[in-house]
Amino acid sequence: MADNPAAFPDAAPEVPDASSVERAFLRRPSIGIRARLALGFLSFIVFAVAVTVGAWIMLSRLERRLRFLEVADRYTMEIQQARRFEKNYFLYGGNLQDVQEHIANARRLLVAVAPDAAEVVASAELGKMRDHLGRYETLIARLVARDGAHASADRAERPAIEAELRDHGSQMVAFALELAEKERASVNATLALFKRLPVAFLAFLLMFSVVVANFLARQIVGPLSRLMATTQRIAGGDFTPLMPLRWYRDEFSTFSVALNTMMRELARRQEVLVQSHKLSAIGTLTSGVAHELNNPINNITLTAEMLKEDYGSLADEERLDMVNDLVVQGARAQKIVRNLLDFAREGEITTERLDLVEVLRQAASLAANQIKLSGAKIAIDVPSNLPAIHGDRQSLSQVFVNLLLNALDAVGKGGHVSIAAGTSREPGYVQVVVSDDGRGIPAHVLPKVFDPFFTTKSRGKGTGLGLSVSLGIVRQHGGDIRVESAPGRGSTFTVLLPAAMVPGLTENDAQATRPSASKPSRPV
Amino acid sequence: MQERLQVLVLDDEPIVGKRLQPALAKVGCDVEVFDAPGPALQRVAAKRFDIVVTDIRMEDIDGIEVLEDVLERWPTTKVIMITGYATVEVAREAMAKGAFDFIAKPFKPQELRDVIARAAEALGFAGIERAAADDPA
Ligand SMILES: Nc1ncnc2c1ncn2[C@@H]1O[C@H](COP(=O)(O)OP(=O)(O)OP(=O)(O)O)[C@@H](O)[C@H]1O
Ligand SMILES: [Mg+2]
């Protein structure tokens, strides 16, 4: 998840400095997790409100239709009633009072229903209905007026009125029935829709929940697992700051900034430890260097004294030989001191392409004095065609000095210490094996030797920081240190370092092959 | 005329022998120099030296072993140890094992001559060497 560039990347010289990363985080707009959760739930609430309002509107419309349907039924009934009385009137000659009453009822219903009816039937239809009703009413009124006059003046008029009444009446009934029928069908359709609606709503809700839940989970689980990977990386000694990956900033960004601060502190502390342990190593090395330095100084003293004593009596070539000796021994002394000074110099950590052979030579020549002084023997086997590596010369030579000094402490007079370098079985790695035939490390101690401050040496002799600091340095270079040891059989420390990358091999490829074991391996 | 003092000088720095040879010859010593313990010990087995000067720290065989070897064969030979820095304990050990004296690097030829003169006196040689050394060159 989190990309994990080594602390010493091959091609990219600009390791982002912490404050610029922090600024990059802070520049981003803030969208907190709380806000996103609130947004998620708000969308649910909005959805629920929309559904509720929709349902309410539909239900009230349905209610209006049911009412209309009821009115339409009553209207039909009134018309039918009116027609029944009308029929009676023509058959048996009753009065038309009842017809008028029912028609008046029907008209009232029609007026009352008019606003509701507008959305159910076309207004032309409604107008037609009103026309029929009006015509029917006037015809009835004419009949009533004729009967009131008692003058059967125009007998022929009656059948004409009757025919027209029939016509309008039947059309009125047909209209009313059709209207009611239509309305019933529409109401039924709406009801059927209502029956399906909850199912659709449920399905949609399910989908919506899945999407929202997924979104929120991604928002939270993603950064969480990135942070988790980061803590693992930190445990492995990689203190590269986290870079912002998103266009906004949230609680995780704050956390990342805090992690970066922590990593910066850790790196600083590690540096202080490295530096202070280096001072103690220099203390140890000094005795060997001083001893070694005594030889050229002694040679110079003897030569200079004899030159002075016999100056007049010496042949020219003898004098020249002596002066040459002085020059050579002076250079030798300088070299011995420069080695120590090089090692002691407190320099910036710089990443450069390094010839491991040179680093090993420097470390070996520093520790070799010490080893010789103690009566042990050192063997160095470094092939000259070793692949180059990338790293900091100073810290790496500190690693090898530490391993050599440890070996020296473990062997006695007549013991053997060896440095052998070569390509590792891990592809892409160079290894340096520092081994001794000293007392070895008991199995119960072995897992602890890389712990800071773990030492079996007496106070003032060992700080217990040598291996811990060395492992820190090597991990920062993307490598690892493995140990094999058994009591009485000596110890072997193997330092793995990534070989300088062949062009074409990307950073990630190299990361993928990072040696897996992070714990010291057990003796085999 | 007195017999000359037989001296063997052993130091794995070749320049030490090269310079001490004339320095000691001047004060009346017959000097043989070696820069490796092996040949030196062979020579000791073949010839008795009055004085053996040996470095205490060498590869292969160290000065203490040379001391023991010489004293075993020639108990009256005076052995002078050359020590480096931080080997005071070893020097003490050498004294306990019968070394005549020790001299610390770096030293001047005259300092060694003085020690040799004392050793010669202890051996019964008159103080010629010292006198000779005091002669301005
Ligand atoms: N080559 C070795 N042989 C045997 N034991 C070893 C070897 N290297 C390390 N150890 C054990 O591991 C312990 C821790 O080593 P480390 O270098 O971290 O500290 P130290 O050597 O005790 O102290 P310092 O390095 O400050 O002198 C040592 O005390 C020793 O017991
Ligand atoms: Mg150590």
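From a predicted model like this one, the values you see are computed outputs, not experimental measurements. Chain letters run A, B, ... following the sequence lines, proteins first, then strands; residues in each count from 1.
- Heavy atoms closer than 4.5 Å to chain B are found in the side chain of A/Lys413, but not in its backbone.
- Between A/Glu305 and B/Arg113 there is no salt bridge, since no side-chain nitrogen of the basic residue lies less than 4.0 Å from a carboxylate oxygen of the acidic one.
- With rounding to the nearest 0.5 angstrom, the CZ atom of B/Phe107 is 9.0 Å from the OG1 atom of A/Thr301.
- To the nearest 0.5 Å, atoms CG (A/Leu302) and CG (B/Asp11) are separated by 9.0 Å.
- The side chain to side chain contact (heavy atoms under 4.5 Å, CB included) check on A/Tyr311 picks up A/Leu307, A/Arg319, with sequence neighbours excluded.
- With a 4.5 Å cut-off on non-hydrogen atoms, B/Ile82 does not touch chain A at all.
- For B/Lys47, the side chain to side chain contact (heavy atoms under 4.5 Å, CB included) test picks out B/Gln6, B/Glu32, B/Arg43, B/Phe49, with sequence neighbours left out.
- Residues that satisfy the side-chain hydrogen bond (donor to acceptor under 3.5 Å, both in side chains) test with A/Gln431, not counting sequence neighbours, are absent from this structure.
- Considering only heavy-atom pairs separated by less than 4.5 Å from chain A, the leading option among B/Ala104, B/Ala23, B/Pro109 is B/Pro109.
- The most heavy-atom pairs under 4.5 Å with chain A, out of B/Glu13, B/Lys108, B/Lys18, B/Arg19, come from B/Arg19.
- For residues 323-341 of chain A, the interface with chain B (any heavy-atom pair closer than 4.5 Å) comprises A/Asp325, A/Gln329, A/Arg332, sorted by residue number.
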Discussion item. Between A/Ile297 and B/Lys105, is the side chain to side chain contact (heavy atoms under 4.5 Å, CB included) condition met? List the steps.
Written reply: CA-CA 8 Å; A/Ile297 292 177; B/Lys105 274 186 184 178; over 6 Å; no
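- Of all the heavy atoms in B/Pro106 and A/Asn294, the pair that sits closest is CD-OD1, 3.2 Å.
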